[in-house]
Amino acid sequence: MDATNPRPTSPTDTKRRMLLAGGAALAATGAAGLAWRASQSARVRALLGIPEQVLDIAALKPAVPPVPLPDAVLVDAAGNPHALSGFAGTGLVLNFWATWCAPCVAEMPALAALARRVAGDGILVLAAASDSGGAAAVGRFFARHGIDTLQVWLDPGNAAGLALGTRGITPVTIIVNRQGRETARLEGPVHWDTGAAVTQVRRLTG
């Protein structure tokens, strides 16, 4: 059939063209939707100060001079309160997190590895969760992920975190020296299991 006498369009051809056009439109819309959601996610993360990836220990922000801790309390797995002042004489890596916080979950294995490496140095890693499910929820999380070097600690309502000036759960980690003073802090997940991180923690805890 030449161009001057084209073949009549059949109903099947018409339906095929409509499906192809619709699929292309959906694909374009889907791509645009994904791009929009990604941009919004990045915007929200930026507003909240949440990093896009796990950070290097060099991102630590030192406190110069070291800052005395406020009168804040954490709760152990049995429900007993412990004032932060009661840990004087021990170096602390104080981590505020939650099992529903994806960046927190991402760094937890590395934080557990840090706890193992500094256990003999008089340094305690306190990962204080603000989960509404309490000790049971955190215990299940640790068991599910094979984390056996961290004890269950809780910060109900993120009260201690707020007293220490954290901006919610991102996570936030505060390094405390043996005199009970903050020497550095960092917002976001960190590669705690590196040699550089261990060296910094030992130095900053005194």
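Below, each value reflects all heavy atoms present in this structure, side chains not excepted, and no hydrogens, waters or symmetry copies.
With respect to Leu92, the side-chain contact (heavy atoms from CB on, under 4.5 Å) criterion is satisfied by exactly one of Ile175, Val201, Val176: Val176.
For the pair Val93 and Leu124, the minimum side-chain heavy-atom distance is 4.5 Å or more. A 4.5 Å side-chain heavy-atom check between Asp56 and His191 finds every atom pair outside the cut-off. Phe142 is not listed as a side-chain neighbour of Asp148, based on a closest heavy-atom distance of 4.5 Å or more. Taking the side chain as every heavy atom from C-beta outward, Trp153 and Val138 never approach each other to under 4.5 Å. The shortest distance between side-chain heavy atoms of Ile123 and Thr90 does not fall below 4.5 Å. Proximity of Cys104 to Ile169: side-chain heavy atoms (C-beta onward) are separated by under 4.5 Å at one or more points. Between His145 and Met108 the shortest side-chain heavy-atom distance does not fall below 4.5 Å.
Interatomic distance, CG of Leu204 versus CG of Leu60, reported as 6.5 Å (0.5 Å rounding). Going from atom CG of Leu74 over to atom CG of Leu94 covers 6.0 Å, rounded to the nearest 0.5 Å. We find the CZ-CG distance between Arg181 and Leu69 to be 9.0 Å, quoted to the nearest 0.5 Å.
The hydrophobic cluster containing Leu114 also contains Ile147, counting ILVMFWY residues as joined when their side-chain heavy atoms lie under 4.5 angstrom apart, directly or transitively.
Using a 3.5 Å distance cut-off with no hydrogens or angles, the side chains of Thr173 and Asn95 do pair a donor with an acceptor. Side-chain atoms of Asp76 and His82 include a donor-acceptor pair closer than 3.5 Å. For the residue pair Asp131/Thr99, the side-chain donor-acceptor check at 3.5 Å is satisfied.
In this structure, Val190 and Ala110 approach most closely via the heavy-atom pair O-CB, 4.1 Å. Shown here for Ala163 and Pro70, the closest heavy-atom pair between the two residues is O-CG, 3.4 Å.
Formation of a donor-acceptor pair under 3.5 Å by the Arg202 side chain with backbone atoms of Asp121 is not found in this model.
Ring centroid separation for the pair Phe141 and Trp97 comes in under the 6.0 Å cut-off.
Atom CG of Asp71 sits in a sparse spot, with 12 or fewer heavy atoms from other residues, nucleotides or ligands closer than 6.0 Å.
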